[in-house]
Amino acid sequence: MPKILIIDDERSIRYTLKEILEYENYTVDEAEDGERGIDLLQKSKYDVVLCDIKMPKMDGMEVLERATVLAPDTPFIMISAHGTIDTAVEATKKGAYDFLVKPPDLNRLLVSVRNALDKATLVTETKTLKKKISKTYEMVGTSGALGKVKSAVAKVAPTDARVLITGPNGAGKELVARSLHEQSNRASGPLVEVNCAAIPSELIESELFGHEKGSFTSAVKQRIGKFEQANGGTLFLDEIGDMSLSAQAKVLRALQEHKITRVGGDKDITVDVRVVAATNKNLLEEIEAKNFREDLYHRLSVILIHVPPLNERREDIPDLVNKFLQDVARDYGNKPKKISPEALTYLQGLDWRGNVRELRNVVERLVIMSEDTITEEDARAYAK
């Protein structure tokens with residue numbers, strides 16, 4: 001049952017609220033002043049707190065401020081007999097979920113409590129989902145080559161420095177970009193990904209910068225581009241070596257001036273975006289061939305991180321295989337299969353031209369085609 005804490009110096013109010021809430025099957029604790037309330041918050045976890053504002057020893061606003069450190073995800077509903085708009089605004093600014101005037105309307109109170117519980121549940125579910133996603137995209141392995149990548153990410157992520165990630169297809173460049181975002185000060189902001197190779201050259205500018213209604217034949221309404229969508233967060237430009245020269249020029253301006261202009265528009269829009277780019281091409285050779293702007297290359301490559309191919313870190317294959325066995329089992333809703341040491345040794349000796357992506361596909365194939373334990377015979381039959 002949800003657990004609720006009532007902090008109020010009036011015994012009659014505490015009694016009334018407790019009686020109503022317990023009738024609704026909530027578990028209720030009481031505190032007669034702010035200090036006692038803080039003491040209970042330190043000892044127990046509560047789903048919702050109902051807190052008076054005017055109290056001896058420690059008033060409700062101070063309790064609210066201290067609770068944002070002790071229990072940042074716990075919704076506070078503030079209650080006051082001296083309710084004013086200014087007081088309500090101040091409480092909201094300090095993190096209160098809702099503000100009620102004494103004596104509270106009981107129906108209004110119960111609705112507020114239910115909504116606060118729903119919000120708390122959503123916050124918890126979101127955090128759990130983020131952890132699952134983070135685990136799905138984590139960089140797995142203990143090899144020296146991968147260790148260098150992880151070390152570089154740890155040093156660079158807290159800064160706003162632009163990063164250029166290089167490496168072959170399927171090696172894990174996207175995972176590096178995600179790690180940079182998740183370990184940065186922008187982690188609470190959006191991570192917006194753009195695959196520059198998958199978007200036709202005539203549409204890439206509209207995709208990145210947006211367009212105004214009527215700017216071209218099919219522009220039937222205004223569109224917000226990826227730069228604006230990533231405002232306050234990170235923009236990941238994958239396969240940037242395939243971007244058209246005209247789009248490169250606009251990206252360069254956005255990096256220099258932190259401003260963009262929608263296609264068909266004449267208004268400058270300020271954006272606060274950290275750009276992380278990736279490519280499987282040798283951009284220095286592309287510069288020589290006049291396919292890539294040298295000035296953009298230098299803007300993007302403040303930090304260079306190279307992701308080695310799987311063939312250069314074969315010692316990571318057992319860890320990767322075990323992770324993929326867990327992932328495939330979760331996706332299929334089955335119990336994870338085991339793999340024999342001989343099968344792992346065989347997989348380590350293969351040529352992984354498709355890198356980690358190819359290994360993931362092979363593991364899924366082995367799970368489908370094998371019995372409870374994947375043997376060396378299975379690996380020889382289905383790995384290639």
Side-chain angles (χ1 to χ4, degrees), residues 145-146 148-149 151-153 155-157 159-181 184 191-210 225-230 233-263 268 271-313 353-357:
L146 187 62
K148 290 180 181 178
V149 174
S151 176
V153 168
K155 291 178 181 177
V156 176
T159 73
D160 262 351
R162 289 182 288 276
V163 181
L164 178 61
I165 307 165
T166 61
N169 284 334
K173 297 189 293 295
E174 179 191 354
L175 301 189
V176 175
R178 284 182 174 274
S179 294
L180 284 166
H181 175 72
S184 74
L191 170 63
V192 178
E193 300 179 35
V194 181
N195 188 330
C196 302
I199 303 171
S201 57
E202 62 271 17
L203 297 178
I204 187 69
E205 291 182 37
S206 171
E207 187 75 16
L208 290 175
F209 308 109
K226 300 298 187 185
F227 264 91
E228 285 183 79
Q229 292 175 31
T234 304
L235 179 65
F236 176 43
L237 300 176
D238 197 9
E239 304 302 350
I240 197 168
D242 294 284
M243 184 181 287
S244 66
L245 287 169
S246 61
Q248 289 177 35
K250 289 196 172 185
V251 170
L252 179 63
R253 177 181 180 255
L255 297 180
Q256 288 174 330
E257 303 177 13
H258 304 288
K259 293 179 181 178
I260 58 124
T261 304
R262 296 188 191 123
V263 175
D268 284 342
V271 289
D272 172 26
V273 174
R274 181 188 193 178
V275 173
V276 174
T279 182
N280 65 342
K281 294 185 176 181
N282 185 325
L283 291 187
L284 294 177
E285 291 180 358
E286 294 298 305
I287 291 169
E288 289 293 324
K290 308 296 183 185
N291 293 327
F292 201 83
R293 295 180 63 109
E294 185 174 3
D295 46 5
L296 177 58
Y297 172 80
H298 291 302
R299 283 280 175 180
L300 291 171
S301 60
V302 175
I303 302 292
L304 279 167
I305 296 179
H306 179 69
V307 183
L310 187 56
N311 285 336
E312 292 180 12
R313 52 184 186 101
R353 295 177 62 184
N355 295 295
V356 179
R357 187 179 299 148

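The structure displayed is predicted, hence computed values, not measured ones.
Smallest separation of non-hydrogen atoms from Leu300 and Val275: CD2-CG1, 3.9 Å. Summarising the geometry of Asn291 relative to Gln248, their closest heavy-atom pair is O-NE2, 3.3 Å, with the distance given to 0.1 Å. Annotation for Arg274 and Ala157: closest pair NH1-O, 3.0 Å, computed over non-hydrogen atoms. Taking every heavy atom of both residues into account, Leu283 and Gly241 meet most closely at CD2-CA, 3.9 Å. Shown here for Ile204 and Cys196, the closest heavy-atom pair between the two residues is CD1-CA, 4.3 Å. Scanning all heavy atoms of the two residues, the minimum distance from Lys226 to Val194 falls at CG-CG2, 3.4 Å.
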Practice task
Decide yes or no on side chain to side chain contact (heavy atoms under 4.5 Å, CB included) for Ile260 and Glu228, but give the supporting numbers first.
Solution key: CA-CA 9 Å; Ile260 58 124; Glu228 285 183 79; 3.8 Å; yes
Practice task
Might you work through the side chain to side chain contact (heavy atoms under 4.5 Å, CB included) test for Phe292 and Leu284, ending with a clear yes or no?
Solution key: CA-CA 8 Å; Phe292 201 83; Leu284 294 177; over 6 Å; no
Practice task
Report the C-alpha separation of Val192 and Phe227 in whole Å, then their side-chain angles, then the decisive distance to 0.1 Å, and conclude whether the side chain to side chain contact (heavy atoms under 4.5 Å, CB included) test is met.
Solution key: CA-CA 8 Å; Val192 178; Phe227 264 91; over 6 Å; no
Handout entry: Chi angles and distances behind the side chain to side chain contact (heavy atoms under 4.5 Å, CB included) call for Lys281, Asp242
Key = CA-CA 9 Å; Lys281 294 185 176 181; Asp242 294 284; 3.0 Å; yes
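Rounded to the nearest 0.5 Å, atoms CG (Leu296) and CZ (Arg253) are 14.5 Å apart. The line from OG1 of Thr234 to CG of Leu180 is 8.0 Å long, rounded to the nearest 0.5 Å. Rounded to the nearest 0.5 Å, atoms CG (Leu255) and CD (Glu257) are 10.5 Å apart.
With sequence neighbours excluded, the residues that form a salt bridge (charged side-chain N to carboxylate O under 4.0 Å, His left out) with Glu205 are Lys250.
Under the 4.5 Å side-chain criterion, counting only non-hydrogen atoms from C-beta, Val149 is in contact with Val176. Using a 4.5 Å heavy-atom cutoff, the side chains of Leu208 and Met243 are in contact. No side-chain heavy atom of Asn282 sits under 4.5 Å from any side-chain heavy atom of Glu288. A heavy-atom distance below 4.5 Å is not found between the side chains of Lys290 and Leu245.
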Below 3.5 Å, can you tabulate the donor-acceptor pairs from side chains in residues 159-172 to any protein atom, sequence neighbours excluded?
from: Thr159; atom 1: OG1; to: Val156; atom 2: O; distance (Å): 2.7
from: Thr159; atom 1: OG1; to: Ala161; atom 2: N; distance (Å): 3.2
from: Asp160; atom 1: OD1; to: Arg186; atom 2: NE; distance (Å): 3.0
from: Asp160; atom 1: OD2; to: Arg186; atom 2: NH2; distance (Å): 3.2
from: Arg162; atom 1: NE; to: Arg299; atom 2: O; distance (Å): 2.7
from: Thr166; atom 1: OG1; to: His306; atom 2: ND1; distance (Å): 3.0
from: Asn169; atom 1: OD1; to: Asn280; atom 2: ND2; distance (Å): 3.2

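Listed by first and then second residue, the side chain to side chain donor-acceptor pair (under 3.5 Å) pairs involving residues 193-204 are Arg178-Glu193 (not counting sequence neighbours).
A donor-acceptor contact shorter than 3.5 Å is absent between the side chain of Ser151 and the backbone of Lys148.
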